[in-house]
Amino acid sequence: MTRPAVLVARAVFPDVVERLRHHFDVEHNPDDEVWSADELRRRLAGKSGALLTASERIDAALLDAHPRLRVLANMAVGYNNIDVPACTARGVLVTNTPDVLTETTADFGFALMMAAARRIAESEHFLRAGRWTKWRYDMFVGADVHGATLGILGMGRIGQAVARRGALGFGMPVIYHNRSRLPGEVEQPLGARWVDKDTLFRDADHVVLVLPYSPAVHHVVGERELALMKPTATLTNIARGGIVDDAALARALAERRIAAAALDVFEGEPQLHPGLLEVPNVVLTPHIASASVATRRAMATLAADNLIAALTGAAPPTPVNPEVLAPRRD
Ligand code: GLV
C-alpha cells in the first residue's frame with residue numbers, strides 16, 4: 001500500500017519530522033526557505049496533508065488545484081491564513097493548536113504590557129546608546145500596572161489567562177469586551193466586567209488585544225478607538241496584524257495621544273509600517289508570543305498528532321471544522 005504523502009511547509013523540530021516519516025512520505029523544508037505562493041502550490045502536488053504555520057496562505061484556488069488534500073494541520077491557534085469554509089466545502093479538515101500555548105502567550109502579552117507601561121525597551125535603548133549620565137526624578141516615568149484597569153478585547157482562552165494574571169497577581173480591575181458575555185462563574189473569580197467596546201477603550205489604563213482575526217475585525221482599533229483612549233494608556237497587540245490600523249497607531253504614538261504600545265504582530269508582517277520604527281514609545285517583537293521551547297514543542301507535537309490521526313482514520317485532537325469528519329452518506 002502506498003503511504004500518504006505530506007508536506008511540512010516550514011522547518012520544525014527534526015524529531016517531529018522523523019515521527020511523521022514513520023507514517024508518511026514526507027517532503028519538508030529543513031532550511032526554512034520562504035516559499036512563494038507558486039512554490040507552495042507546486043510542493044503541495046500529490047500531498048494528502050500538510051503541516052503549516054500561520055504564514056502559509058491557503059485559498060479556494062489552491063485547494064482546487066490539489067483535490068487529494070485531506071488535512072491541513074496549522075501549527076498555530078489562529079487559522080486566518082486558511083480559508084476554512086472553502087476547506088469544509090471540499091471536505092478538507094483543518095486543525096489548529098489551541099490550549100497548549102495559552103499560558104505562554106498570556107505570559108508574553110503581560111510582559112509586553114508591562115514593558116510598554118514601564119518603558120522598559122525605550123529606556124534600555126537610551127542606556128545602550130550611552131545617553132545615561134545621571135539619575136533624574138522624572139526619567140522614564142511611566143504608568144503603574146498594579147491596580148490599574150486592564151481592558152481585554154477578546155476574552156477567549158488567552159484573554160482569560162491575561163485577565164487572571166492581572167486580577168489575581170496585580171490587583172487590576174478587569175473590564176472586557178467580547179461578542180458574548182462570559183458566564184458568571186468565569187467572570188466572578190476575576191472580578192471581570194463586560195463593557196461595550198467604546199467603554200473599554202475609554203476606561204482601560206492598559207488595553208490588551210487577544211481576539212481572533214477575521215475580516216469583520218479588520219482595523220477594529222483605528223483612529224476613532226485610539227482617540228477614545230486616555231493619553232496615559234497603553235495598547236498591546238498579541239492577536240494578529242490587521243486588527244490594529246498600524247498607520248493610525250504610529251501617528252497616535254508620535255503625537256503622544258496614547259502613552260505607549262507593545263506589538264508582537266503587524267499588518268503585512270514581517271514588514272512593518274515604517275512609522276512604528278520611528279517612534280520610541282512602542283515595544284516591537286517578531287511574532288514570538290508562543291515562543292517558549294516547551295510550548296513550541298507542544299504545538300509541533302499537537303500539529304503532528306492531528307496530521308497523523310486525520311490520515312490514519314483516528315480522531316484528530318483539535319479539529320477546527322469537525323463537520324468534515326462526519327461519516328459520508330454517499
Ligand atoms: C500564533 O500567532 C498563533 O496563532 O498560534
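Whatever order the structure lists them in is the order used to number ligands and atoms, beginning at 1. Position 1 is the first residue of the sequence; numbering continues from there. Bear in mind that the values here come from a model prediction, so they are computed numbers and not experimental data.
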Axial cation check for F13 ring with R296, 6.0 Å and 45° limits: no

What residues, two or more places apart in sequence or in another chain, satisfy side-chain hydrogen bond (donor to acceptor under 3.5 Å, both in side chains) together with H273? none

By salt bridge (Lys or Arg N to Asp or Glu O under 4.0 Å) - contacts of D138 (at least two apart): R136

side-chain contact (heavy atoms from CB on, under 4.5 Å) partner of T318, the single match among L302, V77, D305: L302

Could you pull out all donor-acceptor pairs under 3.5 Å where a side-chain atom in residues 107-114 meets a protein atom, sequence neighbours excluded?
from: D107; atom 1: OD1; to: R165; atom 2: NE; distance (Å): 2.9
from: D107; atom 1: OD1; to: R165; atom 2: NH2; distance (Å): 2.8

Between ligand 1 and the protein, tabulate every N or O atom pair separated by less than 3.5 Å, reporting distance only.
from: ligand 1; atom 1: 2 (O); to: R240; atom 2: NH1; distance (Å): 2.6
from: ligand 1; atom 1: 2 (O); to: R240; atom 2: NH2; distance (Å): 3.4
from: ligand 1; atom 1: 2 (O); to: H287; atom 2: NE2; distance (Å): 2.6
from: ligand 1; atom 1: 4 (O); to: V77; atom 2: N; distance (Å): 3.3
from: ligand 1; atom 1: 4 (O); to: G78; atom 2: N; distance (Å): 2.8
from: ligand 1; atom 1: 4 (O); to: R240; atom 2: NH1; distance (Å): 3.4
from: ligand 1; atom 1: 4 (O); to: R240; atom 2: NH2; distance (Å): 2.7
from: ligand 1; atom 1: 5 (O); to: V77; atom 2: N; distance (Å): 2.7

Between the side chain of D245 and the main-chain N/O of A248, is any donor-acceptor distance below 3.5 Å? yes

